[in-house]
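Residue numbering restarts at 1 for every chain, and letters A, B, ... go by the order of the sequence lines.
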Amino acid sequence: MALLRKAGIFLLTLAIASVLVFAFMAVLPGDPAQVALGVNATPELLAQTRHAFGIDRPLPAQYTDWVGGLLTGNFGRSYITGDAIGPQLVDRFEVTLWLVGAATVVAVIVAVPLGTLAAARHRKASGTVVSGLSQLGAAIPAFLAGIVLVEIFAVSLRILPSGGWTPPDADPVAFLKGLVLPALSLGLVQAAVLTRYVRSAVLDVLREDYLRTARAKGLKPAQALVRHGLRNAAVPVMTVLGLQLATLLIGAVVVERVFVIPGLGSMLLDAVGSRDLIVVQDVVMVLVAAVLVINLLVDVLYTVVDPRLRRAR
Amino acid sequence: MRNLVIGAVLVGLIVLAALISFLWTPFDPTQVDAALRLQGPSGAHWLGTDRFGRDLVSQLMVGARTTLYVGIVAVGVAALVGTPLGVFAAAGPRWLGEIVLRANDLVLAFPALLLAIMFGAAFGASTLTAMIAIGVATVPSFARLARASALQVLSTEYVLAARSAGRTGPAISVRHVLPNIAGLIIVQCSVSFGIAVLAEAALSYLGLGTQPPTPSWGRMLQESQELLAVQPRLLIVPGVAIALAVLGFTLLGDGLRDRFDPRLEGARAQG
């Protein structure tokens, strides 16, 4: 029942978001037909092109056409090239998902053990060192990390490519090699941020009475932390991780630019550059929908992990 | 204590550099001089000049202004809007809280960079569109944090006791919830300030933030990217400035957290 309700809210939010995206693009200055045809187009040709784009119709009809198209997998055609947007969008999204997935793995693998360590040993030197490193790492922009990693591993050592993209089915080895640097530059910075939250959450848990109780009944501190603490610490950490997934998805835009990766981000920036508004609208909608799906999943998991929240709401 | 001092010193230095830049900079930061291009550090140009012959120290100082400006506006908007909304969503009447929560989820679907790209496409990219986009996009993280932690406070025994003693919802929010979540909100402010600085840098790097000729640390990075191999100084200087700014605000927030959060008092006394 609660799940049905969440799903309903998700759909409603998605619908409102689509109206916002459409409305935002509709109020943009500039005529797509003019952009596509250039300044020398005749009025007749402009009217014809507007008709072909479907932008001479009332806005509500344009909106229902657009959403109807999205729902049936028809993303329309680029105003500039005339190519179908859908197939390209799917290819680009796959590329971005690989990048975000790899970066998330990097972030979690690094952050959860380090954050827990930093909290458990917050009075010792090792904890302080981890905290310091995570703070330094979180202070470095992902694109700067990317530029420096390229300089070291691609330009100086020549062991990894400086950019570009090889699909996994074309050449798995080249694919993995090409994924390493972008995933590291995106993931390590997020790992540093996540480490701070893991440390903070575990520190909070360490001060709880139930952990003292667990230790009092004979569990070693590490056992008590793993058995009783981490589950509680997971609630705030998961919220942050969910928010971070969205950040990673959008952060990929910048990293894709550094590494010349043909993902959603470069598609969006290129479309903004050439004022191909229908492509901008489609890509923004896909990214927004992806973020909403991530948030829905976090929300569902949230109540699974902490039953107290189920009762509170 | 150490975090607080280091953080305060770093933030203080940046604020000082920004303030001094209003009155004095060694050179005009936008002064292009082909004869002076790519000079190394010297008595006149402490950190040298860039590919257009502009003085790096002057650019850094005025860039600090841009950084602080973006951070203050973005975090200010986010904290002042997000925190009350979050507490409200947790403690207020259910239907109103529900609306707040839904609006929050809606905004959350538009991350800072995406909003900034949309704003930039609509109104033209500028420092203003960047910081408003960053601020609006940061509201949900404050609201979510405030709600999540307020819910935890509201499920404690002392709130139950306050309720049974006849205290009303708003009074509980002010007397119990806000003081208990203030520490987390302050940490969030500092982290968000750092994130805002990073976001501005990324946007300027993409050409979607501060526009030339206004100096910005992010754009200094972008302009020097292809010179990394020959003139690493041009990348290191703004890179270090960004990292120190973010680090400063993070440490300051951490220090304040240790200070304000009574549960950590024992830890502070011992370590």
OG on A:Ser200 to CG on B:Leu184, rounded to 0.5 Å: 6.5 Å
Atom pair CD1 (A:Ile250) and CG (A:Leu287), whose distance is rounded to the nearest 0.5 Å: 4.5 Å
Distance (rounded to the nearest 0.5 Å) between B:Met220 CE and B:Thr210 OG1: 12.5 Å
Under 4.5 Å from any heavy atom of chain B - which part of A:Leu268: side chain
Proximal component of B:Leu206, with respect to chain A [non-hydrogen, under 4.5 Å]: side chain
Region of B:Val187 in contact with chain A, defined by heavy-atom distances below 4.5 Å: side chain
Choice from B:Ile195, B:Leu235, B:Leu114 maximising heavy atom contacts with chain A below 4.5 Å: B:Leu114
Choice from B:Ser149, B:Ala201, B:Ser141 maximising heavy atom contacts with chain A below 4.5 Å: B:Ala201
Chi angles and distances behind the salt bridge (Lys or Arg N to Asp or Glu O under 4.0 Å) call for B:Asp105, B:Arg144: CA-CA 9 Å; B:Asp105 286 350; B:Arg144 273 212 159 184; 3.6 Å; yes
Segment of A:Val258 engaging chain B (4.5 angstrom heavy-atom cut-off): both
B:Leu113 versus chain A, the contacting section by heavy-atom distance below 4.5 Å: both
Segment of B:Leu208 engaging chain A (4.5 angstrom heavy-atom cut-off): side chain
Contacting moiety of A:Ile147, where chain B heavy atoms sit under 4.5 Å: both
Part of B:Glu200 within contact of chain A (heavy atom distance under 4.5 Å): neither
Options A:Asn295, A:Leu296, A:Val253, ranked by heavy-atom pairs under 4.5 Å with chain B, top entry: A:Asn295
Closest non-hydrogen atom pair, B:Leu101 against B:Ala89: CD1-CB, 4.1 Å
Heavy-atom check, side chain of B:Leu198 versus side chain of A:Pro141, under 4.5 Å: yes
Residue A:Ala290 versus chain B: region with a heavy atom under 4.5 Å: neither
Contacting moiety of A:Leu20, where chain B heavy atoms sit under 4.5 Å: side chain
Residues A:Asp270 and A:Arg257 bridged, charged N to O under 4.0 Å: yes
Any side-chain heavy-atom pair of A:Ser185 and A:Phe143 under 4.5 Å: no
Region of A:Leu249 that comes under 4.5 Å of a non-hydrogen atom in chain B: neither
Basic-acidic side-chain contact under 4.0 Å: B:Arg94, B:Glu98: no
Plane angle bin for B:Tyr158 and B:His176 - parallel if under 30°, tilted between 30 and 60°, otherwise perpendicular: tilted
Under 4.5 Å from a heavy atom of chain B, the part of A:Val284 involved: both
